[in-house]
S.K.: 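Let me begin by handing over the structure; questions about it come next.
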Amino acid sequence: MTCRFSICLWNVCVASLCKARNLEKAEAVIVDGIRIGYLPDVVTYNTLIAAYCRFVGVDEGYSVLHRMREAGVEPDVITYNSLIAGAARHCLPSRSVDFFEEMLQIGIDPNVWSYNTLMHCLFKSGHPEGAYRFFLEMISNNVQPSPFTYNTLLNGLCKSGNAKNALRLFRRLERFGFSAEVVTYNTIINGLCKAGMYGAAKRILTELGESSNSPNAITYTTIMKCCFKSGKFRQGLEVFAAMMDKGYSSDVFAYCTIISALVKMGRIGEAHSHTDEMLKNGIGLDMACCNTLIYMYCKEGNLRTAFQVLSEMEEAGLGSDEYTHSILVDGLCRTGLFVDAQNLLKKMESRGLNSNLVAYNSLLNGLCKVGNLDAALALFNKMELKDSFTYASLIHGLCKFSQFRLASKLMRICLREGISVLSSAQRAVVSGLRVSGLKRDAIKLRAAIRTARLLRS
DNA sequence: CTGGGCGGCG
């Protein structure tokens, strides 16, 4: 009594178990099905592959592909799209390209989703050229781009430092037969704001208002964030108020944005009242939001409560990430608790959290601030990854304690390597050299700085 | 597919 209808139902059952991350049960249901004569089909396998890619790993997803082949079920374009998406999810650009090529090799034609996913992955992992290449390939293979394609392209262009080109593309969308939707507007407005192109962003916001689309919560948060970034605090607060009036009073992103901005401005009292308001609105807190609260407590020196939030979020199953730990490391350093900060850093490392460069920079900065330059230099030499924050912290620290020669040496490394250091750090070194009688060195360094600036522009 | 959370400069 195996009819097509019951196989569909059975697939739905497998799918819902997969969606609930219950892969073991899904596999058990498949085994049971086989016993009563339901042979898994391409849909069953595709469901499994997507789930393994999402919840376990790309290799595990790929091994299901072998299983399906052995069972005599041939993969289709959705199979490969799932694998590409899996690689994208785990930020494995070369794997996603491999899957794409394997698909071509066995004669499956990629569709618009294949290209979209691949482009998204390549942009996200910092390979914009690769993404452009596949976009062109898609056009030349007569695969029609979708709105999703253009949104991904606009976002990718902005995120890879090509906001101007994104704006040009946005202006041509209509010629390509696409009308911008709210996602498109949000994407380009955000990209332009991040690039500091506020005038263009504002014009497009006006156009959005005049279009048939309405701004949504994402538009509001984007604009609010942009106001804070460009120093228009009062306007940012007004955007927040307008957003609340619009009824977006349970938007965790908005609260996160405003609380963090208020903390940065030192307006801790207002940050607290917005926190209370947020909790009163019954918003479900997520990890980023908890990190913001931890940040708030750290900034007011309330480390005890900060760590309390950490244990509460871990108890609630939200976990914690590199942001959580970096914020706490910084908080500990600012309180002078360097040993605790070091231990937390070690914990980060053992948990395999990436980007603890930020945390190391906090520690370095903290050591500089209290004048423990020996420890700071030892740490600096030990650090494998360094960025402009690293150099600026140390240069400032060295200047603060009159180690101008060493500061100048570091400054020269930055100029040579193209590391852009804050101009305040540059000034500190030059004027330090000058007032400590090293006039010739000061002049030479200034010349080097000017040359580097000319070469960069 | 779009928005939020960490570090240097007082």
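Letters A, B, ... are given to chains in the order of the sequence lines, protein chains preceding strands, and every chain is numbered from 1.
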S.K.: Side chain of A:H120: nearest nucleotide among B:dG8, B:dG4, B:dC1?
M.R.: B:dC1
S.K.: Would A:Y52 and A:Y62 count as a close aromatic pair, with their ring centres under 6.0 Å?
M.R.: no
S.K.: Go through it in stages, so that I can follow the logic: the residues are A:D251 and A:Y220, the test is side chain to side chain donor-acceptor pair (under 3.5 Å), and I'd like the CA-CA distance, side-chain angles, deciding distance and then a yes or no.
M.R.: CA-CA 11 Å; A:D251 192 293; A:Y220 278 97; over 6 Å; no
S.K.: In residues 254-266 of chain A, which ones come under 4.0 Å of DNA chain B, going by heavy atoms?
M.R.: A:C256, A:T257, A:S260, A:K264
S.K.: Nearest whole angstrom, please: distance from the C1' of B:dC6 to the CZ of A:R334.
M.R.: 10 Å
S.K.: Starting at atom CG of A:D387, determine the distance to atom P of B:dC6, rounded to an integer number of angstrom.
M.R.: 16 Å
S.K.: For A:F148 and B:dC1, is the gap between ring centres under 5.5 Å while the planes differ by less than 30°?
M.R.: yes
S.K.: For B:dC9, does either OP1 or OP2 sit under 4.0 Å from a side-chain N or O belonging to A:K369?
M.R.: yes
S.K.: So which nucleotide from B:dG3, B:dG4, B:dT2 ends up closest to the side chain of A:A288?
M.R.: B:dG4
S.K.: Expressed as a whole number of angstroms, how long is the span from A:Y150:OH to B:dC1:P?
M.R.: 19 Å
S.K.: Would you indicate which nucleotide in B:dG4, B:dT2, B:dC6 comes nearest to any side-chain atom of A:F253?
M.R.: B:dG4
S.K.: Output the rounded distance in Å from CG (A:L173) to C1' (B:dC1).
M.R.: 13 Å
S.K.: Please state how far atom CG in A:L422 lies from atom C1' in B:dC9, giving the value in whole angstrom units.
M.R.: 5 Å
S.K.: What residue among A:R434, A:R427, A:Q426 forms side-chain contact (heavy atoms from CB on, under 4.5 Å) with A:R446?
M.R.: A:R434
S.K.: Indicate whether OP1 or OP2 belonging to B:dT2 is found under 4.0 Å from a side-chain N or O atom of A:K225.
M.R.: no
S.K.: In whole angstrom, what separates A:L293's CG from B:dC6's C1'?
M.R.: 14 Å
S.K.: In terms of ring plane angle, is the pair A:F135 and A:Y150 parallel, tilted or perpendicular, where the classes change at 30° and 60°?
M.R.: perpendicular
S.K.: Would you mind reading off the distance between A:L205 atom CG and B:dT2 atom C1', rounded to a whole angstrom?
M.R.: 14 Å
S.K.: Quick check: are there more than 12 heavy atoms from other residues, nucleotides or ligands sitting under 6.0 Å from CD1 of A:I78?
M.R.: no
S.K.: Would A:K159 and A:F123 count as a cation-pi pair here, with the cationic atom under 6.0 angstrom from the ring centre and within 45° of the axis?
M.R.: no
S.K.: Distance check needed: B:dG3 P versus A:L192 CG, whole Å only.
M.R.: 13 Å
S.K.: May I ask you to evaluate whether A:N190 reaches the phosphate of B:dG3, defined as a side-chain N or O under 4.0 Å from OP1 or OP2?
M.R.: yes
S.K.: Once ring pair (Phe, Tyr, Trp, His ring centres under 6.0 Å) is applied, do any residues pair with A:F401, and if so which ones, sequence neighbours excluded?
M.R.: none
